[in-house]
Amino acid sequence: MEHIEEELTLVEHLSELRKRLIIVISAFVVALTIGFLISQKLLNYIKKAASVSIDWNVFGFTDGFLIYFKCAFIVALLFTLPIFLYQTWAFVKPGLTEDESKGTLLYVPLSFFLFIIGVAFSYFVVFPLVLDFMSTINQNIGAMETYGIAQYFTFMFNVVFPISIIFEMPVVVLFLTKLGILDPDKLRKMRKLAYFVLVVIGVSMTPPDVVSDLLIIIPLFLLFEISILCSKWSIKKTKKTEG
């Protein structure tokens with residue numbers, strides 16, 4: 001009898017997982033379609049918004065289509081991310097207490113919000129600095145600037161998305177605090193090491209000048225300090241609930 005109940009529970013879990021996956025995949029397909037429809041306008045905007053005037057060239061017959069697809073794919077990811085996060089939360093919700101359920105639901109909009117801020121900051125602040133610096137170096141050595149559209153977007157994604165992921169730091173710290181792996185005291189003790197790592201990351205992503213370095217390092221430091229505050233808030237809330 002117990003064996004049958006376990007099998008039923010497993011089937012129910014698999015059925016629930018299947019339902020959540022169908023919702024996420026359906027949302028992704030719809031968002032991908034929308035992405036294809038707006039890709040042309042989005043690509044033209046990106047070209048006009050570039051701080052350096054660059055002619056996009058194609059070195060292969062499929063370059064234009066691949067960039068079109070990549071643009072649509074990125075749009076689909078951005079629109080699907082909050083749906084994916086919510087469906088993940090909804091799937092694990094039955095195994096959580098009421099307080100845990102309410103607390104973890106906050107991660108969904110917060111994670112998406114921080115990711116969007118990271119994308120905006122890296123694209124409008126960091127990427128123009130890096131692009132302008134690289135273009136200046138090329139001009140100084142007398143090189144003719146002829147860029148392929150595929151190389152341009154690959155370079156842009158390599159700058160934008162690592163920084164966007166770093167902006168998820170407060171959410172990750174909140175989650176690890178909930179699990180009991182981190183707490184404010186541990187974070188304060190590792191502050192010097194964290195600052196060193198963040199400086200290395202910041203310097204490696206920006207041109208070698210003080211202004212550019214500070215423009216990315218200071219926000220990274222603020223993210224770490226916000227993460228400590230988030231961890232402290234989570235600990236206080238947990239103690240208040242238990243008390």
Side-chain angles (χ1 to χ4, degrees), residues 51 74 77-78 81-82 84-86 88-89 92 95-97 99-134 155-243:
S51 61
I74 295 302
L77 282 180
L78 287 175
L81 179 61
F84 170 76
L85 292 172
Y86 176 79
T88 302
W89 173 83
V92 301
L96 303 174
T97 64
D99 290 330
E100 288 174 338
S101 178
K102 290 179 180 178
T104 51
L105 181 59
L106 176 66
Y107 295 169
V108 176
L110 181 60
S111 179
F112 181 65
F113 177 69
L114 289 173
F115 186 77
I116 293 299
I117 289 179
V119 170
F121 174 74
S122 54
Y123 177 72
F124 289 108
V125 178
V126 181
F127 181 62
L129 288 171
V130 176
L131 196 64
D132 186 61
F133 173 76
M134 294 300 178
F155 180 62
M156 184 182 76
F157 294 149
N158 288 341
V159 172
V160 170
F161 280 96
I163 297 174
S164 303
I165 292 171
I166 292 173
F167 268 69
E168 295 291 308
M169 191 192 309
V171 176
V172 174
V173 169
L174 261 177
F175 180 69
L176 293 176
T177 301
K178 283 279 186 182
L179 294 178
I181 297 173
L182 286 179
D183 59 57
D185 292 332
K186 288 181 181 178
L187 289 169
R188 291 190 190 98
K189 288 178 182 178
M190 61 187 292
R191 180 182 272 129
K192 290 182 179 179
L193 176 61
Y195 275 15
F196 175 76
V197 172
L198 292 174
V199 167
V200 172
I201 292 172
V203 170
S204 65
M205 289 183 175
T206 55
D209 66 83
V210 177
V211 176
S212 299
D213 290 341
L214 289 176
L215 278 174
I216 186 171
I217 290 172
I218 290 175
L220 293 181
F221 283 179
L222 288 174
L223 275 173
F224 183 77
E225 294 302 325
I226 290 171
S227 298
I228 294 177
L229 292 176
C230 288
S231 180
K232 186 177 180 180
W233 170 81
S234 180
I235 293 290
K236 281 185 176 180
K237 189 176 180 182
T238 302
K239 288 181 178 178
K240 187 177 179 181
T241 304
E242 291 175 352

Legend entry - Residue list, side-chain contact (heavy atoms from CB on, under 4.5 Å) with Pro170, at least two apart or on another chain: Leu114, Leu223, Ile226, Ser227, Cys230
When the side chains of residues 155-167 are checked against the rest of the protein, which donor-acceptor pairs come out under 3.5 Å, sequence neighbours left out?
from   : atom 1 : to     : atom 2 : distance (Å)
Asn158 : ND2    : Thr154 : O      : 3.2
Ser164 : OG     : Val119 : N      : 3.2
Ser164 : OG     : Val160 : O      : 2.8

Inset, instruction - Give every residue pair that meets the salt bridge (charged side-chain N to carboxylate O under 4.0 Å, His left out) criterion with at least one member in residues 107-126, sequence neighbours excluded. - result: none
Inset, instruction - Please list all pairs passing the salt bridge (charged side-chain N to carboxylate O under 4.0 Å, His left out) test where one or both residues lie in residues 217-230, with sequence neighbours left out. - result: Arg191-Glu225
Inset, instruction - Could you tell me which residues satisfy ring-ring contact (aromatic ring centres under 6.0 Å, His included) with Phe221, sequence neighbours excluded, listed by chain and number? - result: Tyr195
Inset, instruction - Determine the minimum heavy-atom distance between Pro219 and Phe121, stating which atoms define it. - result: CG-CZ, 3.6 Å
Inset, instruction - Not counting sequence neighbours, which residues clear side chain to side chain donor-acceptor pair (under 3.5 Å) with Ser122? List them please. - result: none
Legend entry - side-chain contact (heavy atoms from CB on, under 4.5 Å) partners for Leu229, two or more places apart: none
Inset, instruction - For residues Ile235 and Pro184, determine if any side-chain heavy atom of one lies less than 4.5 Å from a side-chain heavy atom of the other. - result: yes
Legend entry - Nearest-0.5 Å distance, CG of residue Leu81 to CG of residue Leu85: 4.5 Å
Legend entry - Reported CZ-to-CZ distance for the pair Phe224 and Arg188, which is rounded to 0.5 angstrom: 10.0 Å
Inset, instruction - State the CE-CD1 distance between Met169 and Ile228, to the nearest 0.5 angstrom. - result: 10.0 Å
Inset, instruction - Just do the side chain to side chain contact (heavy atoms under 4.5 Å, CB included) check on Val108 and Phe112 with the steps written out, would you? - result: CA-CA 6 Å; Val108 176; Phe112 181 65; over 6 Å; no
Legend entry - Given Ile217, Ile216, Leu220, the one that forms side chain to side chain contact (heavy atoms under 4.5 Å, CB included) with Val199: Ile217
Inset, instruction - Any pair with a residue in residues 156-171 that passes salt bridge (charged side-chain N to carboxylate O under 4.0 Å, His left out), sequence neighbours left out, goes on the list, sorted by first then second residue, please. - result: none
Inset, instruction - Check the surroundings of atom CZ in Phe84: do more than 12 heavy atoms from other residues, nucleotides or ligands lie under 6.0 Å from it? - result: no
Legend entry - Residues in side-chain contact (heavy atoms from CB on, under 4.5 Å) contact with Lys186, at least two apart in sequence or another chain: Asp183
